[in-house]
Amino acid sequence: MTDEKTNEKRDFIRQIVAEDIRTSKWDGEVCTRFPPEPNGYLHIGHAKSVCLNFGIAAEFGGKCNLRFDDTNPVKEEPEYVESIKEDVRWLGWDWEDRLYFASDYFQQMYDYAVELIKQGKAYVEELSAEQIREYRGTLTDPGKNSPWRDRPIEENLDLFERMKNGEFPDGSKTLRAKIDMASPNINLRDPVIYRILHAEHHRTGRKWCVYPMYDWAHGLEDSIEGVTHSICTMEFENHRPLYDWYLDQLPVHHPQQIEFARLNLSYTLMSKRKLQRLVQEGYVNGWDDPRMPTLSGLRRRGYSPASIRNFCDVIGVNKFYSTVDMQLLEHCVRQDLNKTSPRVMGVLKPLKVVIENYPQDKVEYLEAVNNPEDPGAGTRQVPFSRVIYIEQNDFMEEPPKKFFRLAPGREVRLRYAYFVTCTDVVKADNGEIIGIRCTYDPATRGGDAPDGRKVKGTLHWVSAEQAVDAEVRLYETLFTKENPEDVAEGDDFTDNINPNSLEVLADCKIEPCVKDLKPLSRVQFERNGYFCVDPDSDENRLVFNRTVSLKDTWAKIQKKQKK
RNA sequence: UGGGGAAUAGUGUAAUGGCAGCACGACUGACUCUGGCUCAGUUAGUCGGGGUUCGAAUCCCUGUUCCCCAGCCA
């Protein structure tokens, strides 16, 4: 499997890892980690990182840790820890016994900070947050030294310990590294190492009153765990000199940080904050709304783990800004579901068909193939009777050119059943078509004419008497614009929300075999698309989400004809 | 305007001094009991300008554009 990825085809990170193995840089070891902060739900962008880190470990015979970077108690909750674990597992990755928490290293991090103070490389700051900002300078102007920068080591030691012991209020002091207030890299202008936070931590409770900042914590977490390749997103590139500086001050293992560009997807947002707004302001029905790019949303929508893993593989890894086309994700899910989904006939917008010459009370069972892509999937029996439903848009009274479906006087095939010919159109007083009448040819049972006669169209159908009623939810993109952030002056992304992103079809007719499907089961409704049983389903009501439609050549032709 | 990254078909990505390739999309056509799948084909690209070289997407110079950084967030 590893052989398939020849060196030339590897992304730049895998090339680095391969080279490090070749040169025995880390004694041939590979250790990566996926380090989420438990402050929100994972989305498809995180999946890229998960697959990168776990994927590299798997391909190179290494290990990948799942580590919660829980250094900010005011934002983090156990609920997120659980959802993240579930999502990573669902994607198909296994951290085995390597489930770690940054909070488990708090004592060690604290001890290292004391060590830094002893070296004269850190000091207790008493400037306020606002003053620190003023002293920091700007992008173009250097900062200036804090008046507390040169206080004696003993005093720093004493103050820091008392910070830890909770003697000072939040925000009154910080511990800062003594680096260079004139550095062109602002991250090096005496960055804060610890802040005082009297907060309840979801794992350590009230034990700590000081909490480490990202830069201090993250490198040490990597170091403690023996991570070799610390893979993160581009916005941390400016932090790498600090990551390195911290680890260089201490006699510890020093991993290599490598940055890649985060995923952007057309017609969606990836920012946790903005996704949260969608939820909180009611634009969607929760984090697992099938329109959300969260993994829980995609799961409920019907995406398979394999399709998402394949997607992450196909998009590649790079260092430059790019936006992947939504259609690529849809391609990946169709590709997987085509091979794996059982076929079912389901009529979304029913049109009643009476077959005049079919016996009144007869019901017969016809054999249907469960999955033409998978002979092992077998066949099933589908009931047929005098009254059936077909799709409203499979019938046109005055069909345009290239319309191969049913029309007055025209013969089509009912899939796996019979050829039928439309003899009459039934209309309501307002002229609306409420049903049609047909005759069938008994000789075509199963769907083939013994005289070799051909039909242009094959329709799916459901026998009225045996049909299962269902609600079907159809989705479009959540935003009308490829880039949801593309807004007029004064507007924001919510102004680009697609008002038609959800369409609920309340009385759909599905063939009876779906009756006992469990939530999250995936099926293909032939000619309609891939669907997934929504957890909203109960014994009285089946609910399906459309994961993605089938490719629809007829829709394209129609579009062109309209022009 | 300081610093750090980066620019290859419409989109995403390969090629690491030696034939610019792949995937998605779009468009033809074949096949078809899913207007699906599959198959065959078409389309279209190295940010601009100089240079080095037998040869440059790749090296050098220069210009342009885009992204990130001034949290006691990660």
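If you're wondering where the values come from, they're calculated on a predicted model, not measured in any experiment. Below, chain A is the first sequence line, B the second, and so on; all start at residue 1.
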D69(A), nearest nucleotide to its side chain (from G12(B), C73(B), A74(B)): A74(B)
Spacing of L242(A) atom CG relative to C73(B) atom P, expressed in whole Å: 15 Å
Sugar-phosphate, base or nothing in reach of S266(A), heavy atoms under 4.0 Å: nothing
Distance below 4.0 Å between R195(A) side-chain N/O and C73(B) OP1 or OP2: yes
Parallel, tilted or perpendicular: rings of W216(A) and Y246(A) (30°, 60°): perpendicular
Side-chain N or O of T553(A) closer than 4.0 Å to phosphate OP1/OP2 of G36(B): yes
Sugar-phosphate only, base, or nothing, as touched by Q524(A) at under 4.0 Å among non-hydrogen atoms: base
Y214(A) over A74(B), stacked by centroid distance under 5.5 Å, angle under 30°: no
RNA chain B: 5'-proximal contact among L197(A) and R445(A) (nearest heavy atom): R445(A)
Sugar-phosphate only, base, or nothing, as touched by L175(A) at under 4.0 Å among non-hydrogen atoms: nothing
Out of A14(B), U34(B), A6(B), whichever nucleotide has its closest atom nearest the side chain of N318(A): A14(B)
Under-3.5 Å donor-acceptor pair between N238(A) side chain and G3(B) base: yes
Sugar-phosphate only, base, or nothing, as touched by R136(A) at under 4.0 Å among non-hydrogen atoms: sugar-phosphate
Phosphate contact (A74(B) OP1 or OP2) by T71(A) side-chain N/O below 4.0 Å: yes
Salt bridge K272(A)-E37(A), side-chain N to carboxylate O under 4.0 Å: no
Heavy-atom neighbours of E200(A) CD exceed 12 at 6.0 Å: yes
Nearest listed nucleotide, side chain of R343(A), among C72(B), U34(B), A15(B): U34(B)
Candidates G5(B), A70(B), A74(B) - which lies nearest the side chain of E237(A): G5(B)
Among G35(B), G36(B), G71(B), the one nearest N338(A) by side-chain distance: G36(B)
Sugar-phosphate, base or nothing in reach of M213(A), heavy atoms under 4.0 Å: sugar-phosphate
Phosphate-side-chain proximity, R273(A) and C73(B), N/O vs OP1/OP2 below 4.0 Å: no
Polar side-chain contact E373(A)-G36(B) base: donor and acceptor under 3.5 Å: yes
Short side-chain N/O contact from K454(A) to OP1 or OP2 of U32(B), under 4.0 Å: no
Touch class at under 4.0 angstrom, heavy-atom based, for H239(A) against every strand present: base
Under 3.5 Å on both distances, the Watson-Crick or G-U partner of A14(B): none
Touch class at under 4.0 angstrom, heavy-atom based, for K402(A) against every strand present: base
Atom C1', compared across C31(B) and C24(B): separation rounded to whole Å: 23 Å
Same-atom distance (P) from A57(B) to U16(B), integer angstrom: 12 Å
Touch class at under 4.0 angstrom, heavy-atom based, for F260(A) against every strand present: nothing
Sugar-phosphate, base or nothing in reach of Y416(A), heavy atoms under 4.0 Å: base
Nucleotide of G35(B), C69(B), G5(B) approaching K319(A) most closely (side-chain heavy atoms): G5(B)
Distance below 4.0 Å between R334(A) side-chain N/O and U34(B) OP1 or OP2: no
Sugar-phosphate, base or nothing in reach of I132(A), heavy atoms under 4.0 Å: base
Pairing of R453(A) and E411(A) as salt bridge, 4.0 angstrom limit: yes
Distance, rounded to the nearest Å, where D552(A) contributes CG and G36(B) contributes C1': 10 Å
Anti/syn call for G4(B), syn if |chi| within 90°: anti
Pairwise C1' distance for U8(B) and A15(B), with rounding to whole Å: 10 Å
Heavy atoms of other groups near R277(A) CZ, more than 12 under 6.0 Å: yes
Distance-minimising heavy-atom pair for V314(A) and L328(A): CG1-CD2, 3.9 Å
F320(A), nearest nucleotide to its side chain (from A7(B), C72(B), U34(B)): A7(B)
Candidate nucleotides G12(B), U28(B), A74(B), ranked by approach to the side chain of K560(A) - the nearest: U28(B)
Side-chain N or O of Q335(A) closer than 4.0 Å to phosphate OP1/OP2 of G36(B): no
Touch class at under 4.0 angstrom, heavy-atom based, for P212(A) against every strand present: sugar-phosphate
Touch class at under 4.0 angstrom, heavy-atom based, for I557(A) against every strand present: base
NZ/NE/NH1/NH2 to OD/OE distance under 4.0 Å, E391(A) and R527(A): no
Parallel, tilted or perpendicular, as decided by the 30° and 60° cut-offs, for the rings of F160(A) and Y110(A): parallel
Out of A74(B), G12(B), G3(B), whichever nucleotide has its closest atom nearest the side chain of I315(A): G12(B)
Sugar-phosphate only, base, or nothing, as touched by P372(A) at under 4.0 Å among non-hydrogen atoms: base
Polar side-chain contact Q327(A)-U11(B) base: donor and acceptor under 3.5 Å: no
Which nucleotide in C69(B), C24(B), U34(B) has an atom nearest any side-chain atom of H331(A): C24(B)
Y530(A) vs E130(A), nearer the 5' end of RNA chain B by closest nucleotide: Y530(A)
Partner nucleotide of U64(B) by Watson-Crick or wobble geometry (both distances under 3.5 Å): A7(B)
Y243(A)/D222(A) under side chain to side chain donor-acceptor pair (under 3.5 Å): CA gap, chis, key distance, verdict: CA-CA 10 Å; Y243(A) 181 100; D222(A) 288 342; 2.8 Å; yes
Identity of whatever pairs with G2(B) - Watson-Crick or G-U, under 3.5 angstrom: C69(B)
Watson-Crick/G-U partner (both atom distances under 3.5 Å) of U46(B): none
Sugar-phosphate only, base, or nothing, as touched by L328(A) at under 4.0 Å among non-hydrogen atoms: sugar-phosphate
Distance below 4.0 Å between R405(A) side-chain N/O and G35(B) OP1 or OP2: no
N/O (side chain, S322(A)) to phosphate O (OP1/OP2, U13(B)) under 4.0 Å: yes
Atom-pair distance (CG on D313(A); P on C24(B)), nearest Å: 14 Å
Under-4.0 Å side-chain N/O to phosphate OP1/OP2 contact, K551(A) with C37(B): yes
Distance between P atoms of U42(B) and G5(B) (Å, rounded): 42 Å
For C39(B), the Watson-Crick or wobble partner whose two distances fall under 3.5 Å: G29(B)
Ring geometry between Y100(A) and Y105(A) (parallel below 30°, tilted from 30 to 60°, perpendicular above 60°): tilted
